[in-house]
A.B. asks: 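Quick one: this structure, given as structure tokens, is what I'll be asking you about.
Note that the structure is a prediction, hence the values are computed from the model and not measured. The figures that follow rest on heavy atoms only: side chains count, while hydrogens, waters and symmetry mates do not. The chains referred to below are lettered A, B, ... by the order of the sequence lines, with proteins before strands, and numbering in each begins at 1.
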Amino acid sequence: MKINNFNQRCLEKLHLIPKGMVSTYFELANSLNSKAFRAVGNAMANNPNPISAPCHRIVRSDGTLGGYSLGVKKKIKLLKEEGISIQNNKILNFKSKIFKFNSTS
DNA sequence: GGAATGACATTTA
DNA sequence: CTAAATGCCATTC
């Protein structure tokens, strides 16, 4: 098995997300200089370490939660604990809580 | 090497 | 606004 560059990359980025903030698959892939937001989701889905990586801070571009290996329910709870308000499986003030990575090369 | 899948995104009806 | 269809990228079978 070769090194999971993509997967590892995503996990590293997750660590950059400050508490109380969330990010989208799109932004995450964008930070990787890729448009593989699909592959990003796959990387999380395979989730080698769902504990070491705050994958619960990753949501869809629409502000919806999307999914979670441990269960969407858990994701909501975690985000709420982080200080993020969620309702109807959607993040409130999502635009204000979205976090963008350093796109500056 | 090829087909199939997915925690997605965007557009059109 | 909701639903359906299409496109995209990487990984897995």
A.B. asks: Whole-Å distance between B:dT10 P and A:Lys35 NZ?
C.D. replies: 12 Å

A.B. asks: Minimum heavy-atom separation for A:Cys55 to A:Met44, with atom names?
C.D. replies: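 Answer, listing the atom of A:Cys55 first, then A:Met44: CB-SD, 3.8 Å.
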
A.B. asks: Could you give the CZ-to-P distance, from A:Arg9 to C:dA10, as a whole number of Å?
C.D. replies: 13 Å

A.B. asks: Rounded to whole angstroms, how far apart are CD1 on A:Ile98 and C1' on B:dC8?
C.D. replies: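 Going from A:Ile98 (CD1) to B:dC8 (C1'), I get 14 Å.
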
A.B. asks: Run the side chain to side chain contact (heavy atoms under 4.5 Å, CB included) check on A:Phe101 and A:Leu16 step by step: do they pass?
C.D. replies: CA-CA 8 Å; A:Phe101 299 90; A:Leu16 304 179; 4.2 Å; yes

A.B. asks: Rounded to whole angstroms, how far apart are CD on A:Glu27 and P on B:dA7?
C.D. replies: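 That distance rounds to 21 Å.
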
A.B. asks: Side chain of A:Asp62, heavy atoms from C-beta onward: which of C:dC9, B:dA7, B:dA9 has the nearest atom to it?
C.D. replies: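 So the side chain of A:Asp62 is nearest to B:dA9.
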
A.B. asks: Do A:Ser61 side-chain and B:dA9 base share a donor-acceptor contact under 3.5 Å?
C.D. replies: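 Counting by modelled atom types and ignoring angles, no donor-acceptor contact under 3.5 Å is found here.
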
A.B. asks: Consider side chain to side chain contact (heavy atoms under 4.5 Å, CB included). Of A:Leu14, A:Leu28, A:Ile17, A:Leu78, which one does A:Arg57 pass it with?
C.D. replies: A:Ile17

A.B. asks: Can you measure A:Ile91 atom CD1 to B:dA7 atom C1' for me and round it to whole angstrom units?
C.D. replies: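 The answer, rounded to whole Å, is 13 Å.
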
A.B. asks: Figure out the CG/C1' separation between A:Leu28 and C:dA10, and round it to whole Å.
C.D. replies: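 The answer, rounded to whole Å, is 13 Å.
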
A.B. asks: I want to confirm an ordering. Mapping A:Lys90 and A:Asn42 to their closest nucleotides on DNA chain C, which one lands closer to the 5' end?
C.D. replies: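 Final value for this comparison: A:Lys90.
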
A.B. asks: If you look at every strand shown and take non-hydrogen atoms under 4.0 Å, does A:Ala36 touch a base, only sugar-phosphate, or nothing?
C.D. replies: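 Touches sugar-phosphate only.
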
A.B. asks: Which heavy atom in A:Gly66 sits nearest to a heavy atom in A:Arg60, and how many Å separate them?
C.D. replies: CA-CD, 3.7 Å

A.B. asks: Rounded to whole Å, how long is the line connecting atom NZ of A:Lys73 with atom P of B:dA7?
C.D. replies: 20 Å

A.B. asks: Report yes if a donor N or O on one partner sits less than 3.5 Å from an acceptor N or O on the other, where the partners are the side chain of A:Arg38 and the base of B:dC8; otherwise report no.
C.D. replies: yes

A.B. asks: Any side-chain N or O of A:Arg60 under 4.0 Å from OP1/OP2 of B:dC8?
C.D. replies: yes

A.B. asks: In whole Å, what is the span from the CG atom of A:Leu32 to the C1' atom of C:dT11?
C.D. replies: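 In whole Å, C:dT11 C1' lies 15 Å from A:Leu32 CG.
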
A.B. asks: Can you identify which nucleotide, out of C:dT12, B:dA7, C:dA10, has its nearest atom closest to the A:Ala39 side chain?
C.D. replies: C:dA10

A.B. asks: Report yes if a donor N or O on one partner sits less than 3.5 Å from an acceptor N or O on the other, where the partners are the side chain of A:Tyr25 and the base of B:dA9; otherwise report no.
C.D. replies: no

A.B. asks: So which one's nearest nucleotide on DNA chain C is more toward 5', A:Phe37 or A:Ser34?
C.D. replies: A:Phe37

A.B. asks: Say whether, by atom type as modelled, one donor and one acceptor occur between the side chain of A:Lys75 and the main chain of A:Leu65 under 3.5 angstrom.
C.D. replies: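 Yes, A:Lys75 side chain to A:Leu65 backbone: donor-acceptor pair under 3.5 Å.
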
